[in-house]
Protein chains: 2
Amino acid sequence: MRTAVHQAVVDLVQDVGADKVTIPAVARRAGVNPSSVYRRWGTAAALLADVATRRQGEETPELLGDLRRDLERVAVWTLSDLSRPGGVAFFRAEVAPDVDDRRAGLRACLRRVSARFQAPLDAAARRGEVVPSLERVLDRVVAPLYFRVVFSVPGTDERFARGLVAELFGASGVEGSGLG
Amino acid sequence: MRTAVHQAVVDLVQDVGADKVTIPAVARRAGVNPSSVYRRWGTAAALLADVATRRQGEETPELLGDLRRDLERVAVWTLSDLSRPGGVAFFRAEVAPDVDDRRAGLRACLRRVSARFQAPLDAAARRGEVVPSLERVLDRVVAPLYFRVVFSVPGTDERFARGLVAELFGASGVEGSGLG
DNA sequence: CACTTAAAGCGGTGGTCTTTGCCTTAAGGG
DNA sequence: CCCTTAAGGCAAAGACCACCGCTTTAAGTG
């Protein structure tokens, strides 16, 4: 049943939007009783958070040992994670809903994305390399990705994500990546 | 009455959050009848969008003629606009709500912020200067500001906004701005 | 087989939002 | 002065959500 409910949440989020994801609606779609969903999760926000948490733990790119390549991989993975159906909708779900849970949801979301990028940075630092700070990576790579996906800026593809990382390592790669 | 309703919306957004801004609540706070609000605006999302649109037309920084200074002014203004009470809440309101109005709200939001930065770029281009593309400004200045405000990253102040613009013009200014 | 217990279904209740029809009010024009 | 009309207030009706107590099912155990 948990799988049925989770699938119903994913379907509803990308069909009618995260704000319309109400427990009765999810229960109808999943073919279960609303009260059962209320018992297990309590609120729609908790249900969305559960699905979002479950989602991101599924897979994560492994590190190869080259900082730039690893950052590119993580950036591309982050972009595809945001771009897949319902991806940014879950981000919106964590950003938007109830005031009480908002800070917690935002912190969790930021922690997840930070951890993903911190891993290759730490690995490179252990190898003795000079690495940019996490804040810099967030500003120069993650923020543009989120911004562009949220606002549906065209041309936000894998090549663009790699270009953002390339810019982090110097001016090379700017010309051919449409970033000028 | 329109002013009363708009003020009630602004108050409610910064008091209880944009998601709790419901038409009956606004009507109660404004001292008007809910059905009147339903007649004029129809939905809470439309009401929020109306208030957001009305808000941004109030003021905008004028240009001085120096590209870097102008971009800094616009960046600082954008940051303070996002940071003021309810600022990012209105952004969220446009990002999050109903699927039908979402694209329109996002396009309007992006158009507004783009126009604000496009103005000094155009002015500088008319003066014959070499100017960065709007996309580059969005990626390097606007996106980090939005990202940091949404996620409440500490240290996102006026100095940081100026540092983002400084980075656009070269490596100078990086050292002292906490961006490294 | 009987018992225990956790999980899910069922119905009802209260509360809020949303819609609708009708009435009142006030401003503008003949 | 009277008429027209648009805007707002009023109240009732419908719909939906959230919550609660109770029952039923099913799995696990001695």
Side-chain angles (χ1 to χ4, degrees), chain A residues 1-54 86 89-90 92-102 104-105, chain B residues 1-54 86 89-90 92-102 104-105:
Chain A
M1 163 200 176
R2 199 188 66 229
T3 62
V5 170
H6 277 205
Q7 188 59 46
V9 169
V10 174
D11 293 347
L12 278 181
V13 162
Q14 69 184 72
D15 275 12
V16 300
D19 60 316
K20 298 289 191 59
V21 174
T22 179
I23 291 192
V26 172
R28 273 194 301 271
R29 188 123 178 178
V32 299
N33 199 278
S35 50
S36 305
V37 183
Y38 278 110
R39 307 266 183 210
R40 278 191 75 84
W41 287 278
T43 69
L47 177 54
L48 280 167
D50 184 32
V51 175
T53 304
R54 190 80 47 173
F90 278 108
R92 287 202 197 91
E94 284 172 313
V95 174
D98 192 54
V99 191
D100 303 329
D101 310 319
R102 191 159 57 204
Chain B
M1 163 199 176
R2 198 189 67 226
T3 64
V5 170
H6 277 204
Q7 188 59 45
V9 169
V10 173
D11 294 346
L12 278 180
V13 161
Q14 70 184 70
D15 276 11
V16 299
D19 60 315
K20 299 289 189 60
V21 174
T22 179
I23 291 192
V26 172
R28 272 194 301 271
R29 188 124 177 177
V32 299
N33 199 279
S35 51
S36 305
V37 184
Y38 277 111
R39 308 262 186 210
R40 276 192 76 83
W41 287 278
T43 70
L47 177 55
L48 280 167
D50 185 31
V51 174
T53 303
R54 191 80 47 175
F90 280 110
R92 285 203 200 90
E94 284 173 312
V95 173
D98 193 53
V99 191
D100 304 330
D101 312 318
R102 190 160 56 205

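The model shown is predicted, which means the values in this text are computed figures rather than measured ones.
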Base versus backbone protein contacts along nucleotides 11-26 of chain D [heavy-atom cut-off under 4.0 Å; B, S, -]: ------SBSBBB----
Where chain B begins and ends its contact with DNA chain C, read 5' to 3' at 4.0 Å from heavy atoms: dC17(C) to dC22(C)
Sequence neighbours excluded and cut-off under 3.5 Å, please list the side-chain donor-acceptor pairs for residues 4-13 of chain B, or say none.
from	atom 1	to	atom 2	distance (Å)
His6(B)	NE2	Asp50(B)	OD2	3.1
Gln7(B)	NE2	Asp11(B)	OD1	3.0

Under 3.5 Å, side-chain donor or acceptor atoms of residues 21-33 of chain B against the rest of the protein: list the pairs with distances, not counting sequence neighbours.
from	atom 1	to	atom 2	distance (Å)
Arg29(B)	NH1	Asp15(B)	OD2	3.4
Arg29(B)	NH2	Asp15(B)	OD2	2.9
Asn33(B)	OD1	Ser35(B)	N	3.1
Asn33(B)	OD1	Ser35(B)	OG	2.6

